[in-house]
Q: 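Quick one: the structure is below, and I'll ask about it shortly.
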Amino acid sequence: MAGLSYRWDYAESADSANMAPCTMTSRPIKTRFAPSPTGLLHLGNIRTALFNFLLARQAQGLFLLRLEDTDAMRGHEKYARAMELDLRWLGLDWDEGPEIGGRHGPYAQSERGPLYKEYFSSLESRGLAYPCFCSEHELAISRKTALAAGRPPRYTGKCRALSAPDVQARFARGEPATLRFRVDEGKTIEFEDKVRGPQIFRTDDIGDYVIRRSDGTPAFFFCNAIDDAIMGVTLVVRGEDHLTNTPRQIMLLQALGLPLPEYAHIALVVGADGAPLSKRTGSKSVQELREGGFLPLAVSNYLARLGHTYDASAFMDLETLAENFNLSRLGRAPARYDESQLVYWQKEAIKHTSNEELWVWMNSKAILSSYVSSFVPKGKELLFVKVIRDNITTPEDAFIWAGNLFAESHKYDRDAKSAIDKAGSDFFKKALECFNNDTATFHSYVKMLEIVTNKKGKSLYMPLRAALSGEVNELISQSGRVYEWNHGPQLEAIWELLGVDLIKRRLSEAKTTTK
RNA sequence: GCUCCCAUCGUCUAGUGGCCUAGGACGCUGGCCUCUCACGCCGGUAACAGGGGUUCGAAUCCCCUUGGGAGCGCCA
């Protein structure tokens with residue numbers, strides 16, 4: 001094995017001449033998303049997944065999913081499934097991973113225990129790793145004193161030079177021990193980060209670190225790096241919180257003679273206040289977004305532009321998003337989550353979705369234990385979508401319109417009521433009389449009404465609109481959002497949607513309420 | 001505490017020494033369209049964190065300050 005000093009792909013150092021040639025570039029690109037199922041995915045996590053997916057797609061490579069459930073994680077099954085659902089929902093289908101398998105399985109770290117054994121013993125037998133008997137308590141104290149003395153809270157190397165007989169004896173006594181990776185002193189680790197450029201780390205800043213816990217389970221640094229290598233991952237795109245972890249993983253991989261992936265560390269997503277994403281600052285989980293009625297492509301279009309930029313500002317499908325994705329177009333500063341921009345992409349997504357799909361979408365969720373479809377008469381589904389699609393951003397909005405337009409009877413809101421009262425019952429009496437001709441088009445009807453009532457403009461249309469589209473559903477205003485009578489689609493479109501019978505009924509309803 | 005990363009309109013960003021009187025998108029806002037809201041179209045608002053250098057010339061390069069983020073764990 002060459003020295004620990006490592007250079008990426010420059011040939012400018014003597015060290016690099018000793019290195020095994022980097023073969024990654026000849027392999028097809030393989031990216032991965034390796035979440036730890038300790039909770040629901042949030043925007044930041046899923047953005048990392050998206051970028052990895054996009055990069056794989058772009059290069060016609062492979063996107064791999066691996067569950068990092070090294071710990072005995074409570075409820076990880078539940079979260080793992082939730083994650084898979086989130087990824088599928090967004091369309092980030094993985095080519096290898098849980099549920100679908102692949103050549104490098106299993107894809108849950110908890111099931112990979114036996115695979116790590118040989119790597120541990122390889123390291124141990126060559127003296128590159130050593131058992132450490134320090135107790136957690138002992139380490140905590142040492143960390144504290146180091147911190148108090150103004151030194152980094154690094155492992156002191158206490159068990160570094162334990163003699164073999166010593167180690168034997170302590171094992172014989174049954175003392176628990178972790179396995180620590182021995183970090184060479186006085187070396188530097190260099191690599192080229194695909195978004196941050198050349199990186200240089202001194203090994204002196206890195207303490208010997210635990211690669212196997214005293215209970216025998218592998219630690220994150222270890223299995224994460226090993227798995228990437230043996231699963232053939234060529235490009236690791238992950239949050240910048242892992243940037244300073246990277247040299248440790250590079251050292252490990254080099255010590256084991258495993259292939260190194262390329263690394264790209266992306267800036268984290270922060271909340272509107274600039275603080276890390278958290279539920280407290282209003283950051284939503286992917287699940288909440290989905291349940292809130294956001295369309296998957298709205299989320300992708302937003303996320304792909306959060307800390308990343310495209311030349312075109314047009315709405316794109318996943319394919320196009322992938323084609324034009326570019327690591328060098330990634331910002332290096334943390335990006336803030338801004339819901340108004342997500343909402344913008346939601347509106348764009350709606351524009352790019354067919355009536356059929358929107359109908360399914362607006363019925364995908366029960367609102368107040370009811371569905372949009374419970375209001376809209378059979379056969380009028382698509383027409384309904386067509387009429388209201390420009391006026392909605394959520395399934396709730398569609399639900400309100402369905403109620404407004406098709407509910408058994410109207411309860412007018414204040415504006416509607418006043419428009420109706422202002423017109424007077426005589427207006428609606430005449431409106432009903434004019435309506436006798438059921439072959440009338442909206443235009444000819446309005447013409448006639450205009451002559452009969454001697455009204456025009458607002459005083460003619462507003463009462464009609466009020467009578468036909470009524471008011472907001474009272475129950476909806478309880479769900480947190482307050483809906484006002486928000487006018488809505490062209491009257492002509494509403495007219496055609498409602499049909500003769502309903503229009504008649506609405507007009508007489510209006511007439512009765514004026515008294 | 002130490003090490004590292006980052007810093008352009010309110011937000012996402014373009015910008016890699018002259019093309020910058022700093023461009024685009026979202027938001028906000030004025031107008032047009034119009035029976036209303038939305039859509040659409042046309043306009044407006046608004047930024048190089050601060051201070052020093054380097055240079056004929058700096059948003060762009062260097063240093064310091066400030067502010068934000070991360071790492072230093074038997075967490076991942």
Side-chain angles (χ1 to χ4, degrees), chain A residues 34-38 68-71 73 109 132 134-136 139-140 143 146-155 176-180 193 196-197 199-202 204-207 209-221 223-224 238-248 265 267-268 270 272-276 302 305-314 329 331-345 347-348 351 388-393 397 415 419 446 456-466 469 484-492:
Chain A
S36 171
T38 50
E68 307 248 307
D69 55 346
T70 53
D71 256 344
M73 286 166 179
Q109 222 156 61
C132 170
C134 298
S135 70
E136 286 189 64
L139 292 169
R143 257 197 302 278
L147 222 38
R151 281 180 286 117
R154 220 173 279 137
Y155 178 63
T178 60
L179 189 65
R180 277 188 193 270
D193 189 279
R196 266 148 221 285
Q199 304 289 316
I200 305 175
F201 291 89
R202 285 185 299 277
D204 291 357
D205 291 338
I206 304 169
Y209 53 95
V210 172
I211 54 175
R212 189 181 60 205
R213 301 189 188 90
S214 57
D215 65 2
T217 58
F220 165 78
F221 286 124
C223 41
N224 180 266
R238 63 195 348 182
E240 72 174 330
D241 48 334
H242 289 292
L243 182 62
T244 50
N245 292 164
T246 308
R248 298 162 195 264
H265 289 93
L268 267 19
V270 295
D273 56 354
Y302 173 56
R305 287 179 172 85
L306 185 58
H308 174 265
T309 153
Y310 287 99
D311 289 332
S313 56
R329 297 289 244 158
R332 276 149 303 170
R336 295 183 188 217
Y337 167 66
D338 179 359
E339 185 158 280
S340 74
Q341 297 192 30
L342 212 207
V343 169
Y344 168 76
W345 290 110
K347 288 177 184 165
E348 286 295 304
K351 276 180 215 160
I388 65 152
R389 56 179 296 147
D390 281 342
N391 281 273
I392 59 172
T393 57
D397 295 340
D415 289 349
V446 169
K456 57 181 179 178
K458 270 187 189 170
S459 57
L460 173 67
Y461 285 98
M462 288 309 275
L464 266 185
R465 173 176 288 282
S469 71
E484 297 286 340
W485 181 52
N486 62 349
H487 311 285
Q490 289 210 324
L491 251 189
E492 184 174 7

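Chain identifiers are assigned alphabetically (A, B, ...) following the order of the sequence lines, protein sequences preceding nucleic acid strands; residue numbering begins at 1 within each chain.
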Q: Any base atoms under 4.0 Å from A:Tyr302, or only sugar-phosphate, or nothing? Heavy atoms, all strands.
A: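 A:Tyr302: no heavy atom of the nucleic acid under 4.0 Å.
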Q: I'd like the C1' distance from B:U3 over to B:C19, given in whole Å.
A: 41 Å
Q: For a quick test of reading the model: is some side-chain N or O of A:Arg248 closer than 4.0 Å to OP1 or OP2 of B:A76?
A: no
Q: Verify the stacking flag for A:Tyr344 against B:C26: centroid separation must be under 5.5 angstrom and the ring planes must differ by under 30 degrees.
A: no
Q: Between B:U21 and B:U60, how far apart are the P atoms? Round to whole Å, please.
A: 15 Å
Q: Looking at every strand, decide which applies to A:Leu306 at a 4.0 Å heavy-atom threshold: base, sugar-phosphate, or nothing.
A: sugar-phosphate
Q: In whole Å, what separates the C1' atom of B:A25 from that of B:C9?
A: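 Those two atoms are separated by 12 Å.
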Q: Indicate, yes or no, whether a donor-acceptor pair under 3.5 Å links the base of B:U36 to the side chain of A:Arg465.
A: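 In this structure, the two groups form a donor-acceptor pair.
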Q: Roughly how many Å is it from CD in A:Gln341 to C1' in B:G24, rounded to a whole number?
A: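 From A:Gln341 CD to B:G24 C1': 12 Å.
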Q: Taking only Lys NZ, Arg NE, NH1 and NH2, and the carboxylate oxygens of Asp or Glu, determine whether A:Glu240 and A:Arg332 approach each other closer than 4.0 Å.
A: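 Between A:Arg332 and A:Glu240 there is no salt bridge, as every charged N stays at least 4.0 Å from the carboxylate O atoms.
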Q: Are any of A:Arg143's side-chain N or O atoms less than 4.0 Å away from OP1 or OP2 of B:C74?
A: yes
Q: Using a heavy-atom cut-off of under 4.0 Å over every strand shown, decide if A:Arg305 touches base, sugar-phosphate, or nothing.
A: sugar-phosphate
Q: What's the gap between B:U55 and B:A46 when it is taken at their P atoms, as a whole Å value?
A: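 That atom pair is separated by 35 Å.
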Q: Please measure how far the P atom in B:G10 lies from the corresponding atom in B:C6, and state the result in whole Å.
A: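 About 23 Å, rounded to a whole number of Å.
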Q: Please state the C1' separation for the pair B:G15 and B:A47 - nearest whole angstrom.
A: 13 Å
Q: Under 4.0 Å, counting only non-hydrogen atoms across every strand here, what does A:Thr178 touch: a base, just sugar-phosphate, or nothing?
A: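 The residue A:Thr178 makes base contact.
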Q: First locate atom CG of A:Leu268, then atom CG of A:Asp241, and finally report the distance between them rounded to the nearest 0.5 Å.
A: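 Spacing of CG (A:Leu268) from CG (A:Asp241) equals 5.0 Å.
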Q: Has A:Arg213 got a side-chain N or O lying under 4.0 Å from the OP1 or OP2 atom of B:C75?
A: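 Indeed, a polar side-chain atom of A:Arg213 lies that close.
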Q: Quick one: on RNA chain B, does A:Asp205 or A:Gln490 contact a more 5' nucleotide (nearest heavy atom)?
A: A:Asp205
Q: With respect to the phosphate group of B:A38, does any side-chain polar atom (N or O) of A:Lys351 fall under 4.0 Å of OP1 or OP2?
A: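 No, outside the criterion.
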Q: Base, sugar-phosphate, or nothing: which does A:His242 touch, judged by heavy atoms less than 4.0 Å apart?
A: base
Q: Considering only atom C1', compute the distance from B:C4 to B:U8 and round it to an integer number of Å.
A: 23 Å
Q: Would you mind pulling out the nucleotide paired to B:C32, Watson-Crick or G-U wobble, both distances under 3.5 Å?
A: B:G40
Q: Could you tell me the Watson-Crick or G-U partner of B:C56, where both distances fall under 3.5 Å? Say none if there is no partner.
A: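 Base partner found: B:G18.
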Q: By the 4.0 Å heavy-atom rule, please label A:Asn245 as base, sugar-phosphate, or nothing.
A: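 Base, at least one base heavy atom under 4.0 Å.
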Q: So that I can tick it off, tell me whether A:Arg329 and A:Asp311 are bridged by a salt bridge, with the cut-off set at under 4.0 angstrom between side-chain N and carboxylate O.
A: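 Yes, this pair counts.
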Q: For B:C75, give the paired nucleotide (Watson-Crick: N1-N3 plus N6-O4 or O6-N4; G-U: N1-O2 and O6-N3; both under 3.5 Å), or none.
A: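 Across any shown strand, B:C75 pairs with none.
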Q: May I ask you to say what A:Cys134 touches in the nucleic acid, namely base, sugar-phosphate or nothing, with a heavy-atom cut-off under 4.0 Å?
A: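 Base, at least one base heavy atom under 4.0 Å.
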Q: State whether the distance check finds a donor on one side and an acceptor on the other, under 3.5 Å, for side chain A:Ser214 versus base B:C74.
A: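 Flag set: donor-acceptor pair detected.
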Q: Return the 5'-most residue of the pair A:Arg180, A:Thr309 with respect to RNA chain B, ranking by each residue's nearest nucleotide.
A: A:Thr309
Q: Could you state the atom-to-atom distance from CG of A:Leu268 to C1' of B:A7 in whole Å?
A: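 After rounding, the reported distance stands at 16 Å.
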Q: Where is the tightest heavy-atom contact between A:Gln109 and A:Cys223, given as atom of each residue plus distance?
A: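 Taking every non-hydrogen atom into account, OE1-SG, 3.3 Å.
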Q: Among side-chain atoms of A:Arg465 and A:Ser469, is any donor-acceptor pair under 3.5 angstrom?
A: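 Per modelled atom types, A:Arg465 and A:Ser469 side chains form no pair under 3.5 Å.
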Q: Under 6.0 Å between ring centres: does that hold for A:Phe221 and A:His242?
A: no
Q: Please measure how far the C1' atom in B:A59 lies from the corresponding atom in B:C2, and state the result in whole Å.
A: 32 Å
Q: Looking across every strand, which nucleic acid part, if any, lies under 4.0 Å from A:Pro489 by heavy atom: base, sugar-phosphate, or nothing?
A: base
Q: Paired with B:A25: which nucleotide, if any, by Watson-Crick or G-U wobble criteria at under 3.5 Å for both distances?
A: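 B:A25 is paired, partner B:U11.
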